[in-house]
Every structure is written in structure tokens, then in C-alpha cells.
Enquirer: 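Handing you a structure now.
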Amino acid sequence: MRKQEVRTGGETGQGHSASSPAEQVKALVDLLAGKGGQGSLAPQTPDRALDSPLGPHSNDWRIQKHREALLSRVRGSPELGSPSPRLSSLLLVEGLTDLQLKEHDFTQVEATRGGWRSTKTIALDRLFLPLSRVSIPPRISITIGVAGVGKTTLVRDFVCLWARGQVGKDFSLVLPLSFRDLNPHEKLSADRLVRSVFPHIGELGLAGATRVLLILDGLDECKTPLDFSNTVACTDPKKEIQVDHLITNIIRGNLFPEVSVWVTSRPSAAGQIPGGLVDRMTEIRGFNDEEIQVCLEQLFPEDQVLLGWVLSQVQADRALYLMCTIPAFCRLTGLALGHLCRNKPEPQDTELWPPRTLCELYSWYFRMALGGEGQEKGKASPRIEQLAHGGRKMVGTLGRLAFHGLVKKKYVFYEPDLKAFGVDLALLQSALCSCFLQREESLASSAAYCFTHLSLQEFVAATYYYSASKKAIFDLFTEGGVSWPRLGFLTHFRGAAQRAMQAEDGRLDVFLRFLSGLLSPRVNALLAGSLLAQGEHQGYRAQVAELLQGCLRHDTAVCARAINVLHCLHELQHTELARGVEEALESGGLARLTGPHHRTALAYLLQVSDTCAQEVNLSLHLSQGVLQSLLPQLLYCRSLRLDTNQFQDPVMELLGSVLSGKDCRIQRISLAENQISNKGAKALARSLLVNRSLTTLDLRSNSIGPQGAKALADALKINRTLASLSLQSNTIRDDGARSIAEALGTNRTLSVLHLQKNTIGPVGTQRMADALKQNKSLKELMFSSNSMGDGGAKALAEALKVNQGLENLDLQSNSISDAGVAALMGALCTNQTLLSLNLRENSISPEGAQDLAHALCTNSTLKNLDLTANLLHDEGAQAIAVAVRENRALTSLHLQWNFIQAGAAKALGQALQLNRSLTSLDLQENAIGDEGASAVASALKANTALTALYLQVASIGAPGAQALGEALAVNRTLEILDCHCALGFLFFLSA
């Protein structure tokens with residue numbers, strides 16, 4: 001499947017001579033080994049060995065010739081050796097997840113929405129180097145990637161770059177092999193294995209090489225699974241053993257212990273190698289948005305209109321767009337859509353495009369391969385009928401090969417396989433067949449064949465099964481007997497569905513989707529006359545839909561097989577179930593939908609729905625039972641809201657297990673307003689010890705208490721990903737604050753901490769202040785509605801003199817009076833990082849306002865100051881107004897409900913005439929009257945910075961309103977003026 005990007009190891013039909021590339025390579029290495037005149041494969045080229053100053057027996061000379069031999073294998077592929085950024089920087093991962101081990105590649109992309117779990121990368125030129133000065137180079141490296149993502153292209157790029165001396169300079173030999181090369185062999189010795197790739201090393205073997213890299217590309221294509229538990233150890237490099245045993249002994253280090261080994265594989269097959277033997281694992285990521293566009297641009301370089309249409313169709317379908325992160329699928333999609341656009345459907349076909357399902361897309365691809373729509377001017381021609389007949393013949397031959405290969409996990413075929421299934425080798429030369437099957441040269445004597453993409457093998461297999469099941473009298477999966485009364489298409493479909501549901505690795509999932517899709521009306525119309533009979537789906541469609549829904553069991557958890565049933569229903573165009581649940585999700589009516597069908601549909605929507613793409617909101621209507629059934633799917637939600645569900649501690653145990661999973665992709669989770677106590681908090685804390693994805697945790701309005709806070713704090717000492725934590729309204733008190741403070745002393749990732757309404761007094765505040773003297777990562781501390789008093793304020797002030805990280809400090813409703821404000825303002829005179837300070841609802845008098853004014857004259861960084869609901873009066877506000885005249889940093893000032901009258905308003909108006917930084921001023925609920933309003937209005941005629949002015953409930957009558965109106969006729973910058981006058985006059989302006 002992945003070989004669509006470029007052919008593997010010993011392939012390439014791109015050489016320039018008449019002989020095949022494999023023959024050229026073999027002839028060249030035979031020549032280098034002194035066999036130049038022996039055998040019919042020797043190329044007729046002059047031997048330049050005698051001209052080499054190193055001589056034909058020099059080890060350096062042999063290595064140079066080996067480099068030239070490797071480069072000759074990629075001759076004709078100029079793009080190789082220039083890897084894209086995607087292939088030149090791999091993701092560094094820490095092993096395989098359950099999703100990768102157990103699910104189909106398509107399911108992996110769908111479940112994770114095309115996201116990639118690792119943020120750590122490693123450059124291609126450092127792939128086999130130590131990660132640090134104290135580590136050693138890896139011996140066994142594995143690179144994984146879903147089918148079609150470019151693993152073989154990566155290998156060929158690396159080999160080409162090494163042969164040119166650009167990467168892997170510490171390797172004196174690189175020996176690239178693919179499992180396609182090894183499959184034809186039953187037994188091999190280690191020596192023979194190496195010499196099949198590098199025959200000109202002579203008797204020296206690998207002894208003359210300082211460091212050797214053996215590349216084994218495509219483990220998923222190995223004909224025999226590796227069994228490390230039952231393989232007999234072998235240390236004799238000359239002893240011939242089974243190929244799979246040979247590979248396991250090389251990986252274990254029994255053979256070639258000094259040789260580095262690089263294996264590439266699809267994720268599920270990589271699980272055959274025990275994790276304890278793997279020194280380094282990397283992953284190839286798929287396309288990002290920009291790379292999808294670049295890929296499509298390469299398909300249509302000269303037709304921007306066509307490119308725009310194809311790109312719009314891909315972007316319009318989220319499921320299709322996610323699959324286009326796989327490069328091979330992206331190209332296949334682009335080709336099919338490009339053909340569709342170039343060949344506009346006849347009027348009777350206009351309802352058939354653009355494709356809405358996977359099966360429809362592949363049906364269009366088949367029509368492209370067929371070479372025409374089959375309806376020129378509404379009439380069939382003998383040529384078209386001939387092509388249609390050829391299409392049916394292809395399904396009858398390649399389809400059977402594809403199906404049995406799929407059942408036996410076989411994705412590479414050789415000529416004996418083709419003959420065994422009755423494939424006409426002459427048929428392989430047709431253009432139609434070449435769109436599905438490609439021939440690749442290997443280092444072995446026989447050529448290898450594979451479908452250009454695994455999904456194409458699955459599509460062709462499904463069309464074969466669909467056709468054969470209508471007349472077969474035996475089980476197509478086993479070719480065993482079936483009792484006569486149970487014959488018929490539905491019996492065979494039921495058998496396929498049951499086998500797909502029972503397959504633990506999901507290898508039949510996409511096959512079943514295609515099989516279901518062949519029964520949809522649109523696909524039938526697309527393929528009628530070529531692969532399908534017109535209207536034959538009508539007798540089965542409703543029964544198949546019922547049969548599929550019957551596969552949804554009352555299991556505790558919704559599994560991937562069950563979700564695949566919803567994908568099958570979508571392919572069948574039976575979408576009533578999913579559509580009903582999506583409507584309930586959007587309207588908040590999920591509470592009444594609790595059946596297994598509804599739960600499965602909800603799990604399906606978590607993957608494919610646009611509604612759930614950015615955030616999954618399951619607040620207010622989720623029971624513990626439904627949550628438990630969705631746990632496997634919640635792993636892959638990036639943002640999850642579970643507020644107000646009355647969840648208790650047992651649910652936190654379940655969520656903790658999800659957050660602890662290696663597969664977990666949850667970045668943000670909100671559990672506000674539930675019934676979580678300290679036990680639930682402890683369960684979540686345990687998960688934070690191992691979780692690597694969560695950045696935001698919201699636990700506001702629960703009851704975790706001091707013990708719960710301590711458990712979370714202990715986790716914060718170890719966790720390195722959580723950036724935002726809200727413990728608002730959890731009664732953690734001083735003891736809880738003390739625990740959190742201890743964590744802040746060592747934690748370097750938490751940047752947002754909400755501790756409002758937690759009954760924290762001076763003692764707890766003192767501990768937090770001590771922590772802030774050391775901590776440099778915390779940017780926002782919300783500490784409102786506690787009981788810190790002046791003592792706590794003074795402690796925080798001392799911290800602010802030292803702390804150089806905090807930017808947002810909220811001290812609302814903390815019983816702070818003038819003494820506490822004086823201390824805070826003293827710190828503000830030297831602090832250069834605080835941007836926002838909230839002191840609303842405290843007890844700041846005119847005396848405290850003097851200290852505020854002094855700080856504002858000195859400080860040059862504070863942008864937002866909230867003094868709402870204090871006791872400033874005119875005297876205090878006037879002092880602040882004087883400071884505003886000088887200040888050049890403040891952008892937002894809140895003075896609501898401070899007993900301010902006209903005198904202070906006049907002072908503020910004078911300040912506004914000079915100030916050029918303030919953009920928002922709030923004077924609501926102050927009796928500034930018409931006189932004060934007129935003063936502010938006068939300032940607006942000159943001020944060019946203010947964009948928002950709030951004057952609600954400010955005792956402004958008609959004269960004040962008129963003055964403001966006249967000011968607006970002049971002012972061109974104010975965007976919001978909110979003024980509710982005493983006479984009922986409401987004036988609101990918004991740009």
C-alpha cells in the first residue's frame with residue numbers, strides 16, 4: 001500500500017539500459033567481485049578497477065563501488081536524495097499505542113483526526129546518533145508509519161544521501177534490503193543474506209567495515225510473522241535457517257551483534273518486535289494542511305482552476321480531508337477528483353458527484369482507470385463495452401487474489417501467486433490493471449507485485465466478494481461448505497460482517513465498508529454496466545442496514561469494530577441513526593438517547609463530526625454508564641467538557657485510566673460543577689504522573705478539599721505538560737495552598753493557576769508568596785474571594801519585588817485596605833512584568849489611592865488596573881487622574897462604583913486630553929452628573945486613543961448626554977459609548 005510513493009529496495013524500472021535494474025545491479029556487483037565476464041547478466045561496460053589508485057582489492061575501493069551500485073538503483077528518480085521536511089525530520093516516539101497495535105491504519109487516522117502524538121523530532125542526519133553526550137548510538141531502530149505515508153521513500157532517500165556522503169557518515173556500509181527481497185527465500189544464512197546485497201565484499205565479509213547499517217524495509221510485508229518467543233538462537237553466520245528465524249536472531253544480536261539495524265513497518269506489524277529490543281522508535285507524520293495543497297498542486301501544475309476545485313472538494317469533507325494526510329491517499333483522491341472534473345458527468349449523472357463516501361471515491365477512480373465514463377453522447381460504444389468487459393475480467397482475477405491476500409494478511413505477490421489464482425500475466429500489462437497493481441523488481445530472481453495502495457486491494461477484494469457471493473455455494477473466507485438452505489448474498493454478507501467484527505486487528509474494517517458501499521444507490525449508478533448490474537442493490541440495501549445495526553451489542557465499552565459499523569452505514573447511505581444523535585448532541589438532548597445504537601453513533605460522531613472537531617461538549621446530559629461506554633473514544637478528543645454531570649469519585653477513576661493511557665490525546669478537560677471529592681482528585685492526580693498530553697484541567701466548584709489539593713500538588717512536582725489548573729471553589733484552605741505552593745517551587749510548566757473562593761488566609765498566602773519568589777513560569781494567578789488581608793498582600797508584595805514572571809494577578813475581594821495596597825504599590829514601582837492587577841471589591845480609601853497614583857507615575861508596564869467597588873471618592877480618583885496624565889502604559893482603567901463625583905470626573909477629563917495610551921475607561925455607577933459628563937465629553941474632542949467609555953448609572957441627564965453627542969460628532973476613535981442616563985436616555989455606540 002505505501003509503495004505508491006516510490007518503489008522499494010531493489011526495484012525501479014527506470015534504468016536506461018535494456019536489462020532490468022535488478023539485472024544491472026547484480027551484474028555490477030558481480031563485476032566488482034571479479035565475475036565480470038561470467039554469466040549473462042554482466043553489463044558490457046569497461047572495468048575501471050585497474051585505473052583506481054586504491055586497487056580492486058582495497059576495502060575503500062569496494063565501498064566506493066558499493067555506493068555507485070546503490071546510486072545506480074535509483075537512477076531515473078531525480079527527486080530522491082532531496083527529502084521533504086516531513087521526511088527529513090521524524091517524530092521521536094516512546095513505543096506503540098494500543099490504537100496502533102490493534103487497529104486498521106484508516107482507523108488510526110480517523111480516531112486521532114490526523115493528529116500526531118509527539119512534539120519531539122529528530123533530524124534524518126541524526127537518526128542513528130546518540131541523543132545526548134552520555135548515551136550511545138541505537139542498535140535497533142524502528143520507523144513506523146501508516147500505509148502510504150512514505151516509509152520506503154524515506155529509506156531510499158537515506159540510502160541515496162548516504163551514497164553521496166551526505167548523511168550517516170559514521171557508517172562505512174549501508175545494506176538496504178526489503179522484505180520483498182527476502183520473501184522468495186525459504187532459508188538463508190547471515191553471510192548469504194549480506195552477499196545477496198553486497199556480493200563484491202568477497203571473503204572479508206563485514207570485517208573490514210568500521211560500522212554497518214542493515215536496513216530491513218517493510219516488516220508488514222514479511223510473509224511469515226516474526227516469533228521471538230519460539231525462535232531457536234543461532235550464532236553461526238554460515239548456517240542456513242528459516243528467513244524469519246534469521247531476522248529474529250539478527251535483531252536479538254545473536255548474529256551481527258555489531259551491526260546497526262533499521263526496520264520500517266506499519267505500526268501493527270512493528271509490534272512483533274519486543275519493546276525491550278528496540279533502542280529507538282520514530283514515526284513518519286502525515287501531511288499537514290500546506291503539504292496537502294502542495295501535493296495536489298503537483299498533480300495539476302498548469303490548471304489552477306482544476307486545482308482550486310479539487311482542493312475545495314477535499315476541504316469540504318472533513319473525513320476525506322483527514323484521510324488526505326496520508327500522501328498516497330491524497331494522490332489517489334486528487335487523481336480521481338481531477339478525472340471527475342475533467343469529464344463532466346452527463347445530466348443523468350449530475351447527482352453522483354462530488355463523491356460523498358469512500359466507496360464513491362474509489363468508484364470514480366475505477367471509472368478513471370476504465371478510461372471513460374462509458375457514455376459518450378448518451379450512447380454506449382463497442383469500445384466502451386469492451387473496456388467494461390475487461391473491468392469485470394480484472395475483478396474476476398485480481399479481485400480473488402486481493403481478497404485471499406487480505407484474508408491471509410498478504411500484500412505482496414509473486415508470479416507463482418498470480419498463477420495460483422488464475423491471473424493472466426498478459427492482463428498485467430493493461431493500462432486498466434496498472435492503475436491497481438504495480439510490478440516491482442526485487443533483488444530476488446522474481447518480480448514482486450503489489451496493489452498501489454492497500455485500500456485499493458480492499459476495494460477490489462470487496463468487488464470480488466460482492467460478485468462471487470451472489471452465486472457461491474461455499475464460505476468464501478475458507479472455501480468450506482455452507483448448508484444449502486443458507487445460500488445467498490445476505491448469508492455471505494453476514495459472514496463477512498461477523499468476521500470483521502471478530503478480527504482483533506481491524507484488517508477487514510475497510511473491506512466491509514467497501515462491501516457495504518457497493519449497495520448504495522449512488523455507487524450502483526456509478527458502476528452499473530462495468531462492475532455492477534443496474535438496480536441490483538435495491539433488494540438487499542434495507543436488509544443489510546438492519547443486519548449491520550444488529551451487530552451493535554450491549555457491550556460495556558464501544559469498540560472500534562462497532563464504530564466501523566457506523567462507517568459502513570454511512571457508506572450504505574443509511575445515515576438516520578447518526579443524524580439523529582448529532583441533532584441531539586447539538587441541541588443538548590442526549591440524555592434520552594442511552595441505547596447501544598445511540599452510544600455507538602455518539603462515539604462515531606466524536607471522530608467525524610464538525611461539531612466535535614474543536615471541542616466535545618458533553619455537559620449536563622451524560623450518565624456514568626454512557627461515559628464508561630465512550631471511554632475508548634474519549635482518548636482522542638482534544639478538548640472535552642464534562643461540566644455539571646453530577647459525576648462522583650468512581651467516574652474520576654475511569655477518567656484517570658483514560659488520562660493514563662499511552663494513546664491519550666486529551667489536551668483540555670473541564671469537570672466543573674460536579675461532585676468530586678478528595679478521592680476523585682487523587683485518582684486524577686495519579687494519572688497526571690504519567691500523562692503527557694493534558695495542558696488544561698478545570699476542577700472548579702467541586703469539593704476536593706486540602707487532601708485533594710495535596711494529591712494534585714504532588715503530581716505537579718512530576719508532571720511536565722499541565723499549563724493551566726483551576727481549583728476555584730474547592731475549599732482547599734491554607735493547607736491546600738501550602739501544598740500547591742510547594743509544587744510551584746519545582747514545577748516549571750504551570751502558567752495559569754485559579755484559586756478563587758478557597759478560604760485561603762494570610763498563612764496560605766504567605767506560602768504562595770514564598771513560592772513565587774522562586775517560580776518563574778506562572779503567568780496568571782487568580783486569587784480572588786479569599787481572606788488574605790493586608791498580611792497576605794504584604795507577603796505578595798515582597799514576592800513581586802523578586803518575581804519576574806507573573807503577568808496577571810487577581811486579588812478581588814480579599815479584605816485589602818490601605819496598608820496592603822501601600823505594600824503592593826511599593827512592589828509595583830520596581831516590578832517590570834505585571835501587566836494586569838485586579839483590586840476590585842477591597843477597602844482602598846483616598847489614602848491608598850495616593851500610593852496607587854505614585855506607582856502609576858513610576859511603573860511602565862502595567863496595562864490593566866481594576867479598582868471597581870472600593871472607597872476612592874473624589875480625592876482618591878483625582879490623585880489617580882493626575883497619574884494618568886503622566887502614565888504611558890495603562891490601557892484599561894476600571895473605577896466603577898467608587899463614590900466619584902464631578903470633581904474627579906473633571907480631573908479625569910483633563911488627563912484624557914493628554915493621555916495617549918488609555919483605550920478603555922469605566923466610570924459606571926458614579927454620580928459624576930452632567931458637569932462631569934460634560935468634562936469627559938470635552939476631553940473626547942481632543943483624545944484620539946480612547947475606544948471604550950462606560951458611563952451607565954452615572955446621574956447623567958439631558959445636558960450631559962447632549963455634550964457627549966456633540967463630542968461624538970468630532971471624535972473618530974471611540975467605538976463604544978455606553979451611557980444610561982437618569983432621564984431614561986440610552987445612548988449606545990458600537991463600531
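Note: hydrogens, waters and symmetry copies are ignored here, and every other heavy atom, side chains too, is used. None of these values were measured; they are calculated from a predicted model.
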Enquirer: Quick one: does V544's side chain get under 4.5 Å of L548's, heavy atoms only?
Expert: yes
Enquirer: Judged by atom type as modelled, is there a donor-acceptor pair below 3.5 Å linking the side chain of N524 to the main-chain atoms of A533?
Expert: yes
Enquirer: Find the distance between CZ (F403) and CG (L508) and round it off to the nearest 0.5 Å.
Expert: 8.0 Å
Enquirer: Decide if the gap between the ring center of Y465 and the ring center of F511 is smaller than 6.0 angstrom.
Expert: yes
Enquirer: With R561 as reference, evaluate E504, Q502, E103 under the side chain to side chain donor-acceptor pair (under 3.5 Å) test and give the passing residue.
Expert: E103
Enquirer: Look only at the side chain of Q457 and the backbone of K410, and say whether a donor-acceptor pair between them is shorter than 3.5 Å.
Expert: yes
Enquirer: Quick one: sort the F514 and F459 rings into parallel, tilted or perpendicular, breaks at 30° and 60°.
Expert: perpendicular
Enquirer: Verify side chain to side chain contact (heavy atoms under 4.5 Å, CB included) between V565 and M501, making sure each step is shown before the conclusion.
Expert: CA-CA 9 Å; V565 169; M501 293 293 291; 3.7 Å; yes
Enquirer: Quick check on K470: does its NZ atom have over 12 non-hydrogen neighbours (other residues, nucleotides or ligands) under 6.0 Å away?
Expert: yes
Enquirer: Taking side chain as C-beta onward, heavy atoms only, is V608 less than 4.5 Å from R318?
Expert: no
Enquirer: Tell me whether R513 is salt-bridged to E110, with the criterion being a basic N under 4.0 Å from an acidic carboxylate O.
Expert: yes
Enquirer: Is there a ring-ring contact (aromatic ring centres under 6.0 Å, His included) between Y466 and F489 once you walk through the steps?
Expert: CA-CA 8 Å; Y466 178 89; F489 174 79; 5.4 Å; yes
Enquirer: Salt bridge check: are D303 and R342 linked by an N-O gap of less than 4.0 Å?
Expert: no
Enquirer: Looking only at heavy atoms, what is the nearest atom pair of W309 and L337, with distance?
Expert: CZ3-O, 3.4 Å
Enquirer: Do side-chain atoms of H492 reach the backbone of A472 as a donor and acceptor pair under 3.5 angstrom?
Expert: yes
Enquirer: Just checking, is any N or O donor in the side chain of T452 or Q438 under 3.5 Å from an acceptor N or O on the other one?
Expert: no
Enquirer: Hey, are Q315 and Q293 close enough side-chain-wise for a donor-acceptor pair under 3.5 Å?
Expert: no
Enquirer: I need the minimum non-hydrogen distance between L585 and N617, along with the two atoms involved.
Expert: CD1-O, 4.0 Å
Enquirer: With heavy-atom distances below 4.5 Å as the criterion, would you say the side chains of L566 and L552 are in contact?
Expert: yes
Enquirer: Rounded to the nearest 0.5 Å, what separation is found between the CZ atom of R400 and the CG atom of L476?
Expert: 9.5 Å
Enquirer: Would you find a donor on one side and an acceptor on the other, under 3.5 Å apart, between the side chain of E586 and the backbone of E583?
Expert: no
Enquirer: For D663, does its backbone N or O pair with a side-chain atom of T97 as donor and acceptor, under 3.5 Å?
Expert: no
Enquirer: Side chains of P632 and V558: closer than 4.5 Å at any heavy-atom pair?
Expert: no
Enquirer: Apply the test side chain to side chain contact (heavy atoms under 4.5 Å, CB included) to residues D98 and L635: give CA-CA distance (whole Å), side-chain angles for both, the deciding distance (0.1 Å), then the verdict.
Expert: CA-CA 11 Å; D98 289 342; L635 276 168; over 6 Å; no
Enquirer: Taking atom NE2 of H453 and atom CZ of R331, what is their separation to the nearest 0.5 Å?
Expert: 9.0 Å
Enquirer: Please report the shortest heavy-atom distance between C359 and L518, naming the atom on each side.
Expert: SG-N, 3.8 Å
Enquirer: Tell me whether R499 is salt-bridged to D475, with the criterion being a basic N under 4.0 Å from an acidic carboxylate O.
Expert: yes
Enquirer: For the atom pair CD (E221) and OH (Y411), what is the distance rounded to the nearest 0.5 Å?
Expert: 10.0 Å
Enquirer: Taking the side chain from T575 and the backbone from A578, do they hold a donor-acceptor pair closer than 3.5 Å?
Expert: no
Enquirer: Check step by step if side chain to side chain contact (heavy atoms under 4.5 Å, CB included) holds for L332 and L335.
Expert: CA-CA 5 Å; L332 185 150; L335 289 173; 5.8 Å; no
Enquirer: Ignoring hydrogens and geometry, is there a side-chain-to-backbone donor-acceptor pair from R665 to T112 under 3.5 Å?
Expert: no
Enquirer: Are F436 and Y449, when compared by the centres of their aromatic rings, separated by less than 6.0 Å?
Expert: no
Enquirer: Quick check: does any side chain N or O of T600 sit under 3.5 Å from a backbone N or O of P596, one acting as donor and the other as acceptor?
Expert: yes
Enquirer: Parallel, tilted or perpendicular for Y604 and H567, by the 30°/60° rule?
Expert: perpendicular
Enquirer: Step by step, would you call C324 with F329 a side chain to side chain contact (heavy atoms under 4.5 Å, CB included)?
Expert: CA-CA 6 Å; C324 281; F329 185 93; 4.1 Å; yes
Enquirer: Are L340 and P355 close enough that some pair of their side-chain heavy atoms sits under 4.5 Å apart?
Expert: yes
Enquirer: Return the minimal non-hydrogen interatomic distance between G286 and V149, and the atom names on each side.
Expert: CA-CG2, 4.0 Å
Enquirer: Taking CD in E290 as the centre, count heavy atoms belonging to other residues, nucleotides or ligands within less than 6.0 Å. Is the count above 12?
Expert: no
Enquirer: Could you tell me the separation between the CD atom of Q633 and the CD1 atom of I563, rounded to the nearest 0.5 Å?
Expert: 3.0 Å
Enquirer: Given 3.5 Å as the limit, does a donor-acceptor pair link the side chain of R507 with the main chain of H104, or not?
Expert: no
Enquirer: When rounded to the nearest 0.5 angstrom, what is the spacing between OG1 in T325 and CD1 in I292?
Expert: 6.0 Å
Enquirer: Where do D509 and A500 come nearest, in terms of heavy atoms and distance?
Expert: OD1-O, 4.1 Å
Enquirer: What orientation do Y365 and Y362 show, parallel under 30°, tilted 30 to 60°, or perpendicular over 60°?
Expert: tilted
Enquirer: Looking at every non-hydrogen atom in both residues, tell me the closest pair between F106 and S455 and how far apart they are.
Expert: CZ-CB, 3.8 Å
Enquirer: Testing K102, K409, R266 for salt bridge (charged side-chain N to carboxylate O under 4.0 Å, His left out) with D505, which one passes?
Expert: K409
Enquirer: Using a 3.5 Å distance criterion without hydrogens, assess whether the side chain of Q100 forms a donor-acceptor pair with backbone atoms of L96.
Expert: no
